[in-house]
Structures are given as C-alpha cells and as structure tokens.
Amino acid sequence: MCFKFLILVHVCAAFPLKCPEPAQWSFRARGHCPDPSKYFCLKNDLINGYSENCTVFDFLQPGRKHVLRGGLDADICSLERYQPWPIKFYTNVSTNCIFLKSTCNDEGQMIYGKGNRNIDATCRCDYTRGYDFLVKPLNPCFCVPSKEDCSCCLKTCPKSTDRLSSDYKCLHDEQNITVSKCKPIIFKRVSTTVNKSNTENISTRQSISYKVQRNIKICSSCIGLTIAFCIGSLIFELVRKVYSIYEPRSDIYLIEGQTVELKYKLLINRSPSFFLKNGQFLPEMKNIKKIVDGRWRILKITNVTSNDVGGYCLKVADYRSRLTKLYIQPMFTSKIYTHHCTEGNTIELTCSVYTDNIEAKWYKENNELHECTNISITSNGNHHTLTIVKTTATDSGKYFVKAKNVVMEMSLTVKAIFKRRLVDMTNMEGLDTTFECETVEENCHAQWFKDNVEIIDPSDRMRIEKTKGRLHTLFISKTSLEDSGKYSIKIKGAKSIAKLDVKEMPETIKLMSIHDRQEFLKAAKSGITKRHTIRVMIVGEKTVGKTCLLRRLMNEKINDVNSTDGINIERGKCQIDIETGEWHFLPSGQEPRRSPDHIEQFADCGFWDFAGQREFYATHQTFLSTNAVYLLVVDISKDFTMNTYNKMIEKEFDSIGEYIDFWLDNIHCYSRDDTNTSIHYNENNFLNPPVIIVGTGIDKISVVEKKKNDFEQYVSKILSRHAKRRHLRKSHFVSNTHPSYNKKEFRSLREDIFRHAKALTNWGDNLPIRWIVLEKEINRISSEHVISYTDVEKLAMNCSFHDDSQMTLDLDSFLKFEHDIGNIIFFEDVRSFIVLDPKWLMDIFRCFVSHQYTNESIGMPEWGELEQTGKLSDKLIEKLLEKVPDLSTPERKEFVLQIMEKFDIIVRPINYDARNDFYMPCMIKAEPFHNIIGGSESANDRRTSWFCLKFNFLPPSYFNHILVSFVKRLKLLVEENRRLRIYRNIGEFQLNTSGSQTLVICLSKNAIAMQVRQLNCSEDICFSGVKDILIDLVNSIKQRYGINITHTPKFKCADGIYNSKRIDLKTVMETEEYRCKEHRNTMHSSKEVYSSWLTFFCILFVENKGRRKCNCCENKPVYKCYDCNKVLCQNCSRTHNDKNKYQRHLMQRVSDTFILNCKFRVKESVTDRFISDIKCLPNGFVIVAVSNAIKTKFEVMACSVSGEQGHVMRLEKYPKKMDVVDKNTVAVFLTNSSVAIVDIQQIHIQYIHKIAITKSLPSFICIENQFYVGNGLGITVIDMSGDVIRYIVLNFVPYDMCYDVDSQRIYCIDSNYSKLICIDRDGTIIFTFADSNWTYLISPTIDNEGDVLVLCGKGDNLGCVIKVDSNGKSSDVVITNINLSRLRSAGVICFDQLTHSVVVGVDQTVYIYKKESNV
C-alpha cells in the first residue's frame, strides 16, 4: 500500500497542474466542486501556472479572458486564439479564449490575414505555386476557414508559359503586369510547426522562484489525488451519473424572428431526456422542434418571439443541464391597437420597428395591399403607415404588417355610417312606401338614387325628408308599378341599397270602388302572397259531348253521363303543380293540398260545364268571366251550314257556324279593350280570354284529316277579319267514346289549358294572406251551399281578420271581390246570407227555366199565367223550389228571391196594384211585334221616330237587364183585363200619370229600339231624358258585369219597322231630308227623325262637327242659353242678356264640366213653394222635399229625371234635411226634431218621435241605419228607435253634412259657411278646405269619383258648383251661373250616381246637369 502511495506521489509530482480540456471540464467541475457552476481553472500570473477553485463565477465580453493576479483580472486573448461576438468568456467553461485561430497549413494554403482577438485568421491559396481555391469563397481574395471550405488545388493554365495572378487568373508572362484586386505575396512562405498540444506559453514571473512554485504545486496535487483515491469508490458512483459533456451558453441574445438551436451532447445515451422551459416541460410546437442525433439533443426554435423568452435546460433522468436564458429584442417597438372609425372617414394604421432600413409589407387577411385610389403606404425611418381614405364597412377586418419574417396583427373595425340601413321592400300598388335609414352621425348630407340616377327633383308623389337628426326618409305616395327598382342613399361615400318590388293590384280590385280598393290595401299591409287559380269554361251546343269531355279531362269514366241542366260546376277536385304543370286529381272527400307557409305550389282548377240548351243562355251571362280558359266544344261530324235569326223571334241555332259565331261574340264581350295589348293580349298578339275549339265525334268520321282541314277553313271563313278570331288558340280533336290507347290527346289538351291560363291577368294575383286563407276556408265548406253573414264573420276572425269595427269593412270588400271573380254570390244590400256554391244558385235558376223541373208543374194554372203574362205566383214559387236543398226556412227562400231580383231574373213592378207580385219576363212566350203592339195603336196617336242603339253584339241576357231596369223605374201600361204590358223582349211604359205618353222598348237582333206614343198631342216634345236613361242603363250594365260592347245611335221613321233599314245620326244631320228605303224611297224630314231625341245643343254640336261657334257671329262661343238653345260669344251674350227681353233666360258657360240638360218645376198644387232638400235614389228617382213660404204645407214627392212627378206624400212638420236610407227609402229630419221614414215604393211614412236632441242644426245624414244629427257641440248619433248611441265632440259647428260610403268619410260645412271639413266617423279631422274666392258654401254631395261637390256663391245673386278633390288639395268650378236669389232658404244639390248627373234645386225648379260627353 505504501509502495502504491509513493508511486502515486511520484506520478503526481512529476506533472504540473493543467486545466482540463473542454470535453473533460464538466467531469472535473463535478468532481472538484459542490457547485459545478462555480468551478474555474485560470492562468495564475503569480505562480506562472494554473490555479483552480470553486469560489466565483464571472464572464467577460468577447475578445478578453480572465487571469489571476491576486484576484480576477481581464486580459486579452492570446495571439493563437480568438473569441467572436456575441460569445463571451465564462470562467466556468474554459481557461482560454474558446476558439483556436486557423493555421492555414493545408496543402497550398498560406496566411492571408492574422485576424485579431475577435476574428479568426483568413487563408489564401499560394498562386505563385499554381494553387487556386477548390470552392470559390465569398471573397475572391481569401476565405474564412471557420465558415467556408478553404481547400486549395493546382490549377492548370491553357499554356505552359502562363502564370496565375493574385486574382487566380491565367496570364502570359509578358502580360503579367496588371492591377489586381487582391494583394500579392511579397514574402516566401515559412514553414512552422504548430504545437498541437495547444500548450500555452507561460511567462516567467520573477517575483516567485520557480522551485517554490513547483513544490507547492506538487504537494497540492499529491494531497488532492490521495483524497480522491481514498474515496474513489464513492466518487465513481456519483460520476457515472453525469451525462452532459457539452451545453449552450447561459445567455443568448436574439432579434425577434431569428432562429436559435440549443445543443446538448450527452456522455452516455441510455436515459430519456426532455427539455424544460422555466422549470416546466416544453412540448413541441409549431416553431419548436426537438432533434435527437446520436448523443446530441438539439432544441430548435424558429422565428422566435417574445413568448420564447425564458430559461431553458435539458433534463436527463434526475440531471438538469445548466440554465440557458434567451433574451429577445422585439422587431416591432410600437404597441398594438384596435382601431375604430366611422364609415366614410380616413384611418391610419401605424407601426415602428427597432431600427431603420427594414422593409415592411401590409396585408389584409391573406392579400398583400398595394397603393390604389383609397390606400396609400408610406415609410419614415423606422415608422411605417397604412392610410385608408373613405373607409367602408368592407374595410373592417384584420390587417398584418410583415417586417422580415415577423408579422404584427392589427384589428380595424369600420363602424357603418348607417345605424339602420335601407331594407328591401315589397309593396302593393297603391300603398305608400317609406324608405328610412338612420346614421350614427348627425346632420350628414345625403343623396338619394333610383336605379343609379340621382333623385334631384322629386315628384308630387315622392318626398325626401331631410331631418337635422340622424333619420333620412324617402316617402313615395300611392306607389305605382313604375316605382319598382333599386333605391340607394349615399352618405360620405357609403351607400345603402334596397330594392322595391311593387306588386300589381289585381285587375278585379282595380275595377272595384275606391273604398274597396282602400280596404284591399289595408289588408295587404299585413302580408300578401300569390294566388293561382284556373277556371275552365266548357261551352257549346247541346249533345256535343261537353260533359264527357269534362270527365275525360278529370280522368273519370263517362258511363253515367247525363245532359247538363244549367251549369255543372266542379271545384276542389283538381290541382295543377304551378312549376311542372302536372295535374293531380283528388278523390272525393280528400282535402286539397295546402302549403303551411302560404306559398302556393298548386293551382286550384275549376270546371264550369254550361248547358247547351238556349233557354239557359240568359243565366249564363251571370257566371261568364274574363279570366278563364274557354273550351268551345263542337261536333265536327255535323254539316257546316249557317243560318241566322228569324226577324226578332229567337230560334235555336241550326249549325256549328252559328254556335261558334255566337259563343265567340259572347266571349269577346269580356275583352274589355281590344286596343290595349298590355293587358288583354299575350306575347303572340292573341286576344284574351283564350278559346280552344275542341272538335268531338272524330270516331264518326271516315277521313279524319280532311274533315279537320275543312273545319278549320270553315271557321276561318265565318270569322273573316273580325277581332274575335284572335281569341282562338290551337284546336284539338278528340273522341270521348273511343280515346287513344294512352289518351295523349287529352293530356295535350290539359297542357294547353295550363299554358294559356298562365297568360291570363289573374294568374299569380297578389292578394292579402288573410283573404286567401279565408277563401280556402270558404271553398272547404262550400258543400253547405249557403251560410249566414254572422257565420262568415266567425270564419273571418279565425283567419286573422281584426275583431273590431273595421272588420266588417274588410270582410265586405273581400266578399265583393269573391263575388266579382265568381267564387261566391254576395250583395251588400242583401247581406243576410251568402251563397258559397254558385252551382246551388244555378240549380235554383234552372227550376224556373228547365223542362226537367217544369213538367211537374205544367198542369198548374199558375204555370200558364207565367207563360202568358210573366207573373210568378207564390204557389208556383213554392212548387218550383221544393226540391232545392237548404231552402227549409222562409228566411232562405226570401233571400233566394232577393238574389233573383239582383240578377234581374224576376222583378216587382212599381205599379201600385202589382207592387207585391213577382214577374219573370224571360219566361213569357215570344210573340211577333205586330201581334203585341198593333192592337194597341190608335188613330190619334202621335208617334216619335224610333231611336235605336245598334250593338256589335248583344248578349242574350242584356236586353232582359234593360227591360227589368225600366220596370223598376217606370210604371207599366195596363190593359183592360188588368194585364201588365210586359212581354218577352218588349215592354210598354207610362211616361206621365195620365197615360197620354207611353214608351215602347223592344229588342231586335243586336239592337234595342224605343218609341214614344202620345195621345191627342200636337206639340213637339223632346224625350232626350228617356234616351239618356237607356244609354245610362246600357253603360251601368256594362260596368256591372265587366263586359265590353259598343253601340252606335240609329234612327228610323215613325211608321217604319225598327229592326231593319235604319239610318245613322251622321246621315240625317248632313241633309235636311233623307230617302227612306222602306217606304218606297219616300223623302223624310231629317229633323222629324232626330228632334224627338236630341236637344238643340246636341244638334248644334253635331252640325258643327264638334267645332262650336257663336250663333250670331263666327266667334268662339263662351255662353250657352238654355231657353233659346243658342251658344254665344262674349259680345253677343251682352246683347242677348237684355233684362227686358231675356231676363228669365238661363246662361251657362260652355266650358263647364256639367251642362244643363233639362229642368222642370215642382207641382203647382201649393203656391209659392220652394225646395227644402233634394236627393236621388239608386233606382233613378229624384226625391224632393218642398214647403210653402209660410211653412204650413210640407210634402215629399218623387220625380223622374225627365220631370214626370209621381207620388206625393204629406209631412207633419217642416223638412230641414233629407238623406237616402236604401233604394226605396229616404229619411227626412223635421223641425220638431223627429224623423220621417218615407218608403217611396210602398207610399208609406213612419215617424220617429221623442228624439233626445237639443239645439239641432239642419245637418242630417244616415249611415248604416244610424242617424248623425249636427248640434252646437258636434254630432249626435241615434238609432232607428230614436235612442242616442254616442256623441261626437267637434271643435267646430257642423252646419251641413254629407257622407261618402266608399271612403267612410263625413264632409261638413262649418257654421260660417267658409270651410269644408273632412272627418272620419269618430270625428278625427282629416283635412280642411278653404278658399277665399268662395264665401258661401252649402249643400255638399259626393260624385261618382269620390270628390265633393259644393254649392257656393260670391255674394251676388249668382252661384256655382265647385268640385273639391278627395284629399282637399284642389278645387275646380264645374257649373257656373246658378241663380241663387233665395239661396239661404232654397238652394240644394245632389248627385245622381245612376246617370252621373248633378241635380240642383232652386226655389221651385229642379235643374239636371249632365257631363258634356254624355249630353
């Protein structure tokens, strides 16, 4: 043991202390020091050797190292070593500067630059010996061995005489005089030997002897080794656990975006290792990768950020490496902000980087931004700016600025300038539309656009409201189809855009009253949707297969088909997909398919099979429609011959041609305007409604194709060039009894029906949703046939109709619409019941006209009376109706009779003795005219000429409407046997009470003729008023049934036959005489023909061909004198208006809208009487309330518009005011505050006394069986029993009133007679009209256009009638020069809705003014 110790001492003393190599440093530190991080081994200048210790840890900047000079002191690196930036000298890592300089001693190498303490030496190749770089370095003159491959190689030049230059280029010896970039070699290479042991030269220190130092060193080493040897076994167990032999520096400084690798080399590689950050496990991430390469453990962090700052170490088993701290300089020095701005303003996004000259790029989302109109990018040193001008909402988002590979994110929120933007609008034609938006800033300038065109000068209907706040509004009044388009508002460059889709109002609604249109629009506000329906009308001759065709179209069998009586209606059994056109047939009892969201997918298809028997034609007109597809069925197996009418007596049609011509004429009546291609024509210039001729019976024809061609040529021939041929579409030919195998001919017909139905104007009608829901509900219960109005109200409430006072108005408008399109039967004045199934009503009609029903009654005397006189007895009515279902109650039977009256099938004459009897003119047997009228002629008769209206086509039922209307207005002539002189297509009426004037009105082919017969009369009388009644009735029936027929006036001499050889108005006006062809070319006076029917003014207008001139000179006329039938200029009127000669003549300006047509005085039984009030009943009667001057006799009398006075009824008190209750009744308000209910037809008066009204005024109207009476505080509303219902308090005194049924408005005249005030039924003022030109307003009334007519004056004895429009914004004078000498007691006016005439009552005279176009 001692020997071993001596050997150890000897060995230790033989070797001086030397610092460990870097690879053994960690091993030595752990074996020598408790804290290995404080171990150091440094050169000690005091002993000229090395010393190691465990007391301190320090570092120096690059290029310097620590040495011991009593303590730590700085020294520079030795000449053979260097330490580059940023690597620092650490005492616990090495005793020398880390890197050894390159020696450049490889083959061909030599030193180029010696470097310094921070930089390695550089090498070059010895070009003098022909060496060049194997790999070209970055610098052509030298290379850095620590960074590049500096290997040299011999370079061979092309010529043996060439030499390399210092730039390593081959040059000839003679040319080797060049200026080189690289410095030449000016000395010879000296070979030196490098001490590969890297032993430092230790300078000798003279202060301490070398022997002493050596002895101390040997002793210290021996002692340490001895201790280590003794505890060898323990040290070995600890040391074997040491793994790391290489670690990164403890502090690393980086710039954000750089990449760093932390490398660790393990001594052994048998334990798991992992990295820690700040003492926590560090997993791999997107920018953090862990690399294992043998014993190397590398942590690679790419694109470092501030998040990567911290302390890192490697943990192997229980061992942790030295902590390495990362310090990162951020690329961006500016803070990150979230930017906000308002749309239209300018915003700047800025950033700063840590130093200058760093390029920055801007991105939005993933797209790089470049400068453009609204974007600019600028840089100033280390500051970078992105500027966006006129920002929009689309500029919001995330922005990125990228410097090198570092990205900074910014958020920009552009707050919209619009707090509320414009929204798309869908509106109904006629409703008001309001576009409104709200801005976040106040008082912004706004521009409005329509279809990208600025709205600079808005129209009267369009108004731009510029508020000082944040609201901007574009208001469009009564939106029209032309208003559809794209609307936008522009504020600060920002736009808000919305579309306006204006839905067209259904054509049926447009033809309804103003009130019904308003109710439709109110309902439309709650939501609209499209409604698709198809109505197929099957018409034609009897027994041609119409019903079988219907069965085939509905995919049903035809085994049990019987002849149709009246009309067979099939609804709810067929639906058509509006997208595909596929037909779906519903089994009996199955509910139709409905869409829950009210979006129609299927069109309901209904079939109307019309009977071919002619006796039913009079009822067909009730159910024909414009919006339908007509199938005109003909049997082409029959002969193509054509006959016509036999004089005036109706006969059956005898040929296909007659039926085709008749039905096309009938259908053509429903094309309202032949010239309006936008509504009634489709894209191929066809005329609607469409007619498809369906030829049946082809199974009876041997040569089918020839028969088809012959038939089509025949149809083309009979229609010639008449416009009605444009109704025809492609013809179809089928066999009902022997169809083809797959029935493709019926499938083709269905496709055509669907295609033509889509071209009709009602396809896709926009209707209120609640209307459609109620319509479908009514269709669902249509099997009940009839329903009470109360039950319909309950249904309406279940279908979102409002349960308030307005529901009735909305419901009535809906029911009238359904009536007009033929779905139900509803009349506002017969509202107790509603017919849900028109087929049920048709069944009632055919009870009276069909032989199937009348055979059972043919033996009844009452039936014979019906055929002879037209009288319909109660017993016969009971018999005919006993088989009709749902007529079990008297109320329903009464309702049915009222409906038949409304359709003019039956009528009650106004003759007193027959006023309770029903007559049915269409059931009277037809007889020739001479058999009826010839026997009643008298030698003393003075007959007028015949006045005729010649029609292009007259539907079969049309004359029946005319005849029944006259029966309701005039008394029928009575024969000696008390038989009324009414016949089929002929009627005789009394024009006066004495019966000396009778009117004959009759029918011929497509013409209506009338003649007046006067008994014992030699005076020429003009019956222009009677002629006007006929024309007004023709026009009203056209409007009522929506048909289009034209007529021209014709004349015939008094003794001629009216149905042929008539002469037109133009002919008789051109000459004084004309040649009568009927009377063997006898010359007749033209004046005798027209003077009985035309007033002088009409004659004068025709004579001048519409160009009026003064009767006394050639000047333009200004006035018209009614009494002498002259038109006069201004100068001539002064001469004519000589008071001594013409003081009683009536002068009127010819420019007036209404021209005086006739006048008459009230009955002279009471002297000095005057008119208190005047009203017109719907049936055409003028009702006059009169009183005498001393107010002792008071009467109500009925007059015709021609002045013929009827019943006179005495009143108990003076009449203040009067109003219409219904078509036969008026209510008269008396001075004792009682009300007289006067029934004109029944000649009966009922009084309502004890009405609790004080201080009543002469203002009185009747609204829905309630009386509105004016008083000093407003209006008192009372019921028919005299009880007060409510009070309407007003801030003015209503001196006079009238009521507009359509608009539900009350128009009042204030107590100063200076203002017209419009209020609703609750007293809310809608508008006030006042004009200083009119100082005295009185007696307001409503015309047919919903405007107000008011009688007024200027303070003199002349007054006028002005028209104030329904919104109170404008007024016009329509009648001038009315003598108002006693205005305060006897000046009143009213409007006759039937004849569109203004009726004026002044003193004792009634004046009838008609529009000039109707005179």
Side-chain angles (χ1 to χ4, degrees), residues 426-433 461 476-484 500-535 624-628 669-682 687-689 757-772 774-775 809-824 826-828 1035-1045 1300-1304 1342-1347 1365-1367 1393 1396:
T426 299
N427 211 351
M428 176 61 65
E429 177 186 11
L431 286 177
D432 295 339
T433 301
R461 294 190 307 104
I476 306 174
S477 174
K478 297 180 180 178
T479 311
S480 64
L481 296 177
E482 291 75 18
D483 293 325
S484 294
L500 174 59
D501 184 12
V502 182
K503 301 297 184 181
E504 184 175 6
M505 182 181 291
E507 193 70 22
T508 304
I509 297 293
K510 291 180 181 179
L511 298 175
M512 296 173 70
S513 67
I514 296 175
H515 163 68
D516 292 324
R517 293 199 297 269
Q518 291 175 342
E519 290 300 323
F520 170 82
L521 294 176
K522 289 179 184 177
K525 290 180 180 179
S526 63
I528 60 175
T529 189
K530 291 184 179 296
R531 196 276 305 268
H532 301 88
T533 58
I534 299 176
R535 180 176 293 188
L624 297 181
S625 171
T626 301
N627 295 309
C669 292
Y670 290 91
S671 177
R672 298 189 183 94
D673 185 0
D674 291 353
T675 62
N676 189 348
T677 58
S678 64
I679 296 178
H680 300 281
Y681 287 88
N682 63 15
L687 193 61
N688 281 331
K758 292 195 295 183
L760 296 175
T761 57
N762 72 324
W763 181 259
D765 270 349
N766 295 286
L767 296 178
I769 292 176
R770 64 171 179 250
W771 282 26
I772 295 179
L774 181 56
E775 179 186 69
L809 304 177
D810 189 8
L811 179 59
D812 285 356
S813 297
F814 162 77
L815 294 175
K816 284 185 277 187
F817 169 76
E818 292 292 308
H819 171 87
D820 288 346
I821 64 176
N823 280 351
I824 64 171
F826 169 74
F827 291 99
E828 198 169 6
N1035 293 331
S1036 65
I1037 295 172
K1038 283 172 55 177
Q1039 183 178 3
R1040 175 181 172 186
Y1041 290 100
I1043 58 179
N1044 177 36
I1045 54 175
D1300 182 12
V1301 177
D1302 289 340
S1303 65
Q1304 306 283 307
I1342 307 298
D1343 68 4
N1344 61 308
E1345 297 175 349
D1347 297 326
D1365 64 8
S1366 57
N1367 56 20
Q1393 297 286 347
H1396 297 175

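Here the options are Arg531, Met428, Met505, the test is side-chain contact (heavy atoms from CB on, under 4.5 Å), and the partner is Leu767; only Arg531 passes. Remark: of the listed residues Asp483, Val502, Ile476, Ile476 is the sole one forming a side-chain contact (heavy atoms from CB on, under 4.5 Å) with Thr433.
In this structure, CG on Asp810 lies 12.5 Å from CD on Gln518, to the nearest 0.5 angstrom. The distance from atom CG of Asn627 to atom CZ of Arg535, rounded to the nearest 0.5 Å, is 8.5 Å. Taking NZ of Lys525 as the start and NZ of Lys522 as the end, the distance is 8.0 Å to the nearest 0.5 Å. The CG atom of Asn766 sits 4.0 Å away from the NZ atom of Lys530 when rounded to the nearest 0.5 Å. Separating the CZ atom in Arg517 from the CE atom in Met512 is a distance of 9.5 Å, to the nearest 0.5 Å. To the nearest 0.5 angstrom, Glu818 atom CD is 5.5 Å from Ile824 atom CD1.
Taking the six-membered ring where tryptophan is involved, the planes of Phe814 and Trp771 are perpendicular, since the angle between them exceeds 60° and thus also 30°.
Other residues, nucleotides and ligands contribute more than 12 heavy atoms inside 6.0 Å of the NZ atom of Lys510.
At least one donor-acceptor pair closer than 3.5 Å links the side chain of Asn427 to the backbone N or O of Asp432. Not a single donor-acceptor pair under 3.5 Å links the side chain of Asn1044 to the backbone N or O of Cys669.
Residues Gly1346 and Ser1366 come closest through the heavy atom pair O-CB, 3.6 Å. Looking at every heavy atom in both residues, Pro768 comes nearest to Ala524 through CG-N, 3.8 Å. Heavy atoms only, all atoms of each residue included: Glu507 and Thr761 are closest at CB-OG1, 4.4 Å. Summarising the geometry of His819 relative to Phe826, their closest heavy-atom pair is ND1-N, 3.1 Å, with the distance given to 0.1 Å. The two atoms that bring Thr626 and Pro689 nearest to each other are O-CB, 3.1 Å, heavy atoms only. Shown here for Thr479 and Leu431, the closest heavy-atom pair between the two residues is OG1-O, 2.6 Å.
Partners of Asp1300 according to the salt bridge (charged side-chain N to carboxylate O under 4.0 Å, His left out) rule, which considers only residues two or more places apart in sequence or in another chain, do not exist here.
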Begin from the C-alpha positions of Leu774 and Leu811 and carry the test side-chain contact (heavy atoms from CB on, under 4.5 Å) through to its verdict. CA-CA 10 Å; Leu774 181 56; Leu811 179 59; 3.8 Å; yes
Verify side-chain contact (heavy atoms from CB on, under 4.5 Å) between Lys503 and Asp501, making sure each step is shown before the conclusion. CA-CA 6 Å; Lys503 301 297 184 181; Asp501 184 12; 2.9 Å; yes
Between Phe817 and Ile821, does a side-chain contact (heavy atoms from CB on, under 4.5 Å) hold up when you go through it step by step? CA-CA 6 Å; Phe817 169 76; Ile821 64 176; 3.9 Å; yes
side-chain contact (heavy atoms from CB on, under 4.5 Å) for Thr508 and Asn762? Distances and angles first, verdict last. CA-CA 8 Å; Thr508 304; Asn762 72 324; over 6 Å; no
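At a threshold of 4.5 Å between non-hydrogen side-chain atoms, the residues Ser480 and Arg461 count as touching.
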